[in-house]
Number of protein chains: 2
Amino acid sequence: MLIILDEETLLKAVGDRNVVKKQNATIYDVANRVGVSLATVSRVVNGNKNVRDSTKEKVLKAIDELGYQPNAVARGLASKKSTTIGIVMPDVTNLYYAELTRGINDVANMYHYDVLLTNTDDDPVRDVLAINSLESKQVDGIIFMGNELDQGVRKTIDALNIPVVLAGCVDAQQKLPSVNIDYIDAFYEITASLLRHGHENVALVMGSLDEAINRDYRLAGYTKALNEVGRQVDEKLLFTTGRDYQKTLELAPKVVASGATAMIVYDDVVAVALLNYLHDHHFDLPGQMELVTSNDTNYSIISRPQLTSIAQPKYDIGAVAMRMLTKLMNNEDLKEQAVKLPHTIVQRQTTHELN
Amino acid sequence: MLIILDEETLLKAVGDRNVVKKQNATIYDVANRVGVSLATVSRVVNGNKNVRDSTKEKVLKAIDELGYQPNAVARGLASKKSTTIGIVMPDVTNLYYAELTRGINDVANMYHYDVLLTNTDDDPVRDVLAINSLESKQVDGIIFMGNELDQGVRKTIDALNIPVVLAGCVDAQQKLPSVNIDYIDAFYEITASLLRHGHENVALVMGSLDEAINRDYRLAGYTKALNEVGRQVDEKLLFTTGRDYQKTLELAPKVVASGATAMIVYDDVVAVALLNYLHDHHFDLPGQMELVTSNDTNYSIISRPQLTSIAQPKYDIGAVAMRMLTKLMNNEDLKEQAVKLPHTIVQRQTTHELN
DNA sequence: GCAGTTACTGCAAACGCTTACAATATTTTT
DNA sequence: AAAAATATTGTAAGCGTTTGCAGTAACTGC
């Protein structure tokens, strides 16, 4: 025997603890209520103009009364679009990436996309896993950030049916659309400026030289400035370290020992560690040591003395990358593949007057 | 006439620019290749044991050869599960929330959930929109963070069929599962300690008193300590401000003018602003002013002098919240609804020896 | 070697929506 | 007022899975 309980009875039977929440209405319920077909409801939901105004109103009314919300999953399956994009990034707790993310998020929202976020700690294996997972979730696009575009990652991306834009991430092969500042230029400028100030030994502190962004961009700009005044790169003035406060603290004495009187640092966390080491060892900045950092996050304002920095429009890099992605998802063409946003040098207290 | 092109011809026809990437294989392709039914393939994919080993192997082989990856969207529709959770938070660029997020993310990943991230800037309207959007995307659970659980937000959550856990967010009504430190206790302790040091005027700098977390927790702990030594709260020593560096800089002189000789601050960004104001006005810390902050982010280590802080296990709060959510999504019971993780007071340079 | 179990496997109906295409209304034209 | 054109609506076939049920194959024990 089949027993059918009405909702009220059911509620009583189940008791208070397990209140049966109202089942979400489906498009079918709406259609029934109004006495039209699914297709019509679907049309008004999707803003298709081929619906008589009077019908549209009735449908809208029913939608409101039923509290109907289209099921995005079903929609995704039927339309092959998820209105979701994926972000693959090293680490949200890094302010630099967090600000890029914020830019991406805001623009994504503006275009009604949701954002799936994955932290991969710059591990290529996890990058690939993340991308695959995003693919299976049928995201409409992906924004990739990170120090380096690993071979495996590139292969994975190439095999993808989904548009990808790099943000704050350099593509040595110039194939993928990307948004960055002109790193070569930025590092060239600041190096040249410090050289003009008469520094003999300008140290460069960056990430691993295995990464294109360090080798082919930061170091390249630095080298260019040196060469221009007829000098060679002195390897003793080159330092590499991850974005880690403690580890950098250990690196600091070596940098000091190198005899550098100025240093250019690729990341604020690293720069602050260096700064604090110097501060704690009673160095005079900028008197004994000039210091320029590179990402201009809050850290450079908060530290004392405040850090002179290459300022990247972080939020904008994210925002522009996302904007480009919307175009790609829309099958529009991109005017530029490798967008370079303008950077500035913000003069604060760890350098003398720059020029 | 129907013309069927093989892939090669098609590739030529379409030209290089628009290379047709290999269509993703479906479960159907796998089944065909092996000569079994969809159901069987589905079973092996889902680890159902009712499959003969030999069959399983054949299927696995085909999956590998075809590079088959189950379509998560279709899966979601059929199974009503998305293996995705949502995070609703104020702002990723705030280090406090970023670290919570990282904790959530890591645990989510461990359980093979993906994470949909929304920034709402603590705006209740956007909170509600975000939650609705997540619901339509059929997330299996939601983690909510923020200063305050607005009425409207609560109503939305109550109407949800999806489990929600609060992280670093207090529920005045104690209904929703949450993870926090014991704010009352923490603020009580630190206030008591400063009072023992002989301070007459201890300022409290927090967020809006409209928010339960400030009114019923931070202020409550502070009040309790005062009352315990037979004193009343002096409203002139109470300050409220958002987590904003610049705005706090404007607040700073007022705090100084209040005659406070010690202050307790609810957020690191705010604390650093205050600290820098004092530093820039040649105050001696902790000599003329003792300062305790509350979130123990990188800022408190990076600033000079380093900030004494109430230390929250931020990453763990996120991680535990996510762990609780997995249980709820699994219909398991929670041992505790309102989890309180232990906090500590980290003594640094802006206070004298604490006790 | 046969009934009774148990282990596998397949069938087919969902899941909630989009979207060609077909069908019907309505308006316009002549 | 009929034909033609256009606007509106409905039908039904997917989208790629999961899963209850039923059927078949493979073992058990006697």
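The chains referred to below are lettered A, B, ... by the order of the sequence lines, with proteins before strands, and numbering in each begins at 1. Remember, it's a predicted structure, so these values are computed and weren't measured experimentally.
Remark: the A:Ser42 side chain and the A:Asn46 side chain contain an N/O donor-acceptor pair separated by less than 3.5 Å. Side-chain atoms of B:Asp171 and B:Gln173 include no donor-acceptor pair closer than 3.5 Å.
When rounded to the nearest whole Å, the span between CD of A:Glu135 and C1' of D:dG16 equals 14 Å. In this structure, the NZ atom of A:Lys56 is 16 Å from the C1' atom of D:dT9, given to the nearest Å. Nucleotide D:dT24 holds its C1' atom 14 Å from the CG atom of B:Asn50, rounded to whole Å. Between the NZ atom of A:Lys137 and the P atom of D:dT17 there is a distance of 14 Å, rounded to whole Å. The separation between A:Lys58 atom NZ and D:dT8 atom C1' is 12 Å, rounded to whole Å. At whole-Å resolution of the value, CZ in A:Arg52 and P in C:dT24 are 16 Å apart. The distance from atom CG of B:Asn48 to atom C1' of D:dT17 is 15 Å, rounded to the nearest whole Å. One interatomic measurement links the two molecules: CD of B:Glu57 to C1' of C:dC8, which rounds to 16 Å at whole-angstrom precision.
The phosphate of C:dT9 has OP1 or OP2 within less than 4.0 Å of a side-chain N or O from B:Thr55. Put simply, A:Thr40 has no side-chain N or O that comes within less than 4.0 Å of OP1 or OP2 on D:dT9.
At a threshold of 4.5 Å between non-hydrogen side-chain atoms, the residues B:Leu325 and B:Tyr113 do not count as touching. A heavy-atom distance below 4.5 Å is found between the side chains of A:Met324 and A:Val339. At least one side-chain heavy atom of A:Thr83 sits less than 4.5 Å from a side-chain heavy atom of B:Lys137. Under the 4.5 Å side-chain criterion, counting only non-hydrogen atoms from C-beta, A:Ser178 is not in contact with A:Gln337.
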Go along nucleotides 11-19 of chain C 5' to 3' and tag each nucleotide: B for a protein heavy atom under 4.0 Å from its base, S when only backbone or sugar atoms are that close, - otherwise. B---BBBSB

